Amino acid sequence: MRFFMIVAGVLCAATLALWTPTADAVPKVDIFIYTEITQWIGQGQAQEQADIFIKEIEGQRGIGKVVNENAKAIAKWTKDHTEEKGYHIISLYGDFPPEIYPQGNKDEDGSLAEEFLDAGNTFSNSADYFFWGLQGRNREGGLQNMMDIPGIVQWDDDTAMKVTKEGKEFTPTLKDYATDRPFHVDQLEKTDWEVEIAFATETGKSKGMNRCDPCIIRNTKTDARLIQVYQTAGQADPKGKVLSEIILNYYLETIGALDVDPQEKLSTTWGDLKSRR
């Protein structure tokens, strides 16, 4: 009799906890990986890195559905995942599909890609300039329009990157190397963007540096993010592995995707009770 009274009391407390207003848990993060067209990396190499990435993240806690499809599918996926602070990810390998961002910056404000980002979602890019596009479809204007920062650029070939303390902690595969399109941190001043975390910089320090790659740049108003990983020309970098480490070791916890869902808490409590019985 006493056991059932305990059960009833615990279930009552759990139910009250579920009814108590709390911060909403972040749903699982869905990921679209685009490898159909690439820039500065062979399509076969990009697919190899994407496969490594998929193998590492698929089925992990906090990860939803992972798809690796062509340009025909990306527009619908982007529309379906344009939700406020959904934290979903589109992973690119140098190209920026015109299906979500019309080439030549024809839709500077209001493209599917920008709406997705502005809602609080994320793009990652490896190999070549962020949002540059095949054969310079958008050139510098792609990044400038997506970030709403006139004049921001990503030049500087062979810029030496040294792994930071954070890089050693979260991305153990990352080693010192040279990037060709680092993020220009100094051009983020007086904007809505900031360096959230730098895994490698030109100084090896997370503060007072001007260039970073890999790194995460975050919009302080929308919570949108750009994740840059090895923007290099023709280098056999472990792009897929390092991106997976960034997502699994840092990103998911930071956005709250690893928070325990109330239903999961209730299930665990009931399981504990049955085992004690």
Side-chain angles (χ1 to χ4, degrees), residues 13-33 53-67 77-92 113-125 146-147 164-174 183 188 191-199 206 212 214-229 240-272:
T15 302
L16 287 173
L18 289 174
W19 287 342
T20 302
T22 57
D24 293 335
V26 174
K28 291 182 178 180
V29 174
D30 290 342
I31 303 175
F32 190 106
I33 302 166
F53 178 58
I54 293 169
K55 183 179 178 181
E56 293 291 329
I57 65 170
E58 209 162 31
Q60 296 292 333
R61 186 180 171 204
I63 297 293
K65 187 174 182 180
V66 180
V67 297
W77 189 96
T78 303
K79 286 180 183 178
D80 292 345
H81 289 81
T82 299
E83 55 183 287
E84 186 175 354
K85 294 185 179 180
Y87 302 109
H88 301 302
I89 301 171
I90 295 177
S91 177
L92 307 172
E114 187 173 14
E115 289 180 355
F116 173 81
L117 185 65
D118 287 349
N121 294 287
T122 298
F123 280 94
S124 79
N125 185 66
M146 288 292 290
M147 296 187 76
T164 63
K165 177 182 177 182
E166 293 80 1
K168 292 174 183 176
E169 177 181 358
F170 295 109
T171 54
T173 300
L174 180 64
F183 225 106
L188 300 179
T191 73
D192 295 333
W193 294 86
E194 65 178 8
V195 177
E196 178 175 350
I197 185 169
F199 303 100
S206 300
C212 64
C215 53
I216 299 179
I217 310 300
R218 173 181 168 269
N219 189 295
T220 58
K221 290 187 176 180
T222 66
D223 226 19
R225 287 172 172 83
L226 300 178
I227 304 176
Q228 175 167 313
V229 183
K241 180 67 173 177
V242 171
L243 179 57
S244 73
E245 291 173 348
I246 290 172
I247 301 302
L248 296 177
N249 298 341
Y250 177 82
Y251 183 83
L252 293 176
E253 183 173 1
T254 299
I255 65 170
L258 299 183
D259 291 348
V260 178
D261 182 81
Q263 294 295 334
E264 185 179 336
K265 285 184 180 179
L266 184 57
S267 174
T268 302
T269 301
W270 181 239
D272 289 344

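The shown structure was predicted, so the numbers you read here are calculated from the model rather than taken from an experiment. Excluded from the calculations below are hydrogen atoms, water molecules and symmetry mates; all remaining heavy atoms, backbone and side chain alike, are included.
Residue Asp30 holds its CG atom at 10.0 Å from CD1 of Ile89, rounded to the nearest 0.5 Å. Here Phe199 contributes atom CZ and Thr171 contributes atom OG1; the two are 6.0 Å apart, rounded to the nearest 0.5 Å. The line from CD1 of Ile227 to CD1 of Ile197 is 10.5 Å long, rounded to the nearest 0.5 Å. To the nearest 0.5 Å, atoms CZ (Phe170) and CD1 (Ile216) are separated by 9.5 Å. Here Arg61 contributes atom CZ and Leu252 contributes atom CG; the two are 9.5 Å apart, rounded to the nearest 0.5 Å.
Between the side chain of Thr164 and the main chain of Gly167, a donor-acceptor pair closer than 3.5 Å is present. Side-chain atoms of Glu245 come within 3.5 Å of backbone atoms of Thr173 as a donor-acceptor pair (strictly under, hydrogens ignored).
Listed by chain and residue number, nothing satisfies the side-chain hydrogen bond (donor to acceptor under 3.5 Å, both in side chains) test with Thr82 (two or more places apart in sequence, or in another chain). Every residue two or more places apart in sequence or in another chain that forms a side-chain contact (heavy atoms from CB on, under 4.5 Å) with Glu194 is listed here: Arg218, Thr220.
For the residue pair Tyr251 / Thr122, a side-chain donor-acceptor distance below 3.5 Å is found, with atom types taken as modelled.
The number of heavy atoms from other shown groups lying within 6.0 Å of CD (Glu253) does not exceed 12.
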Exercise for the section: Start with the C-alpha distance between Leu226 and Met147, add both sets of side-chain angles, then the distance that settles side-chain contact (heavy atoms from CB on, under 4.5 Å), and finish with yes or no. Expected result: CA-CA 9 Å; Leu226 300 178; Met147 296 187 76; 3.8 Å; yes
Exercise for the section: Check the pair Trp77, Phe116 against side-chain contact (heavy atoms from CB on, under 4.5 Å), reporting the backbone distance first and the verdict last. Expected result: CA-CA 10 Å; Trp77 189 96; Phe116 173 81; 3.9 Å; yes
Practice task
Take Ser124 and Leu92 through the test side-chain contact (heavy atoms from CB on, under 4.5 Å) and record every step on the way to the result.
Solution key: CA-CA 6 Å; Ser124 79; Leu92 307 172; over 6 Å; no
Handout entry: side-chain contact (heavy atoms from CB on, under 4.5 Å) between Ile33 and Val67, worked out
Key = CA-CA 6 Å; Ile33 302 166; Val67 297; over 6 Å; no
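Residues Met146 and Phe123 have side chains in contact (heavy-atom distance under 4.5 Å, counting atoms from C-beta outward). Between Pro214 and Gln228 there is no side-chain heavy-atom pair separated by less than 4.5 Å. Looking only at side-chain heavy atoms (C-beta outward), Ile63 and Ile247 come within less than 4.5 Å of each other.
Here the closest non-hydrogen pair linking Thr222 and Leu117 is OG1-O, 4.4 Å. Contact between Ser91 and Leu243 at its shortest, heavy atoms only, is OG-CD2, 3.8 Å. The shortest non-hydrogen separation linking Cys215 to Ala198 is CB-CA, 3.9 Å.
When each of Glu58, Glu56, Lys55 is tested with Ser244 by the rule side chain to side chain contact (heavy atoms under 4.5 Å, CB included), just one qualifies, namely Glu56.
A salt bridge links Arg225 to Asp223: one of the charged nitrogens lies within less than 4.0 Å of a carboxylate oxygen.
Taking the six-membered ring for Trp and thresholds of 30 and 60 degrees, His81 and His88 have ring planes more than 60 degrees apart, a perpendicular arrangement.
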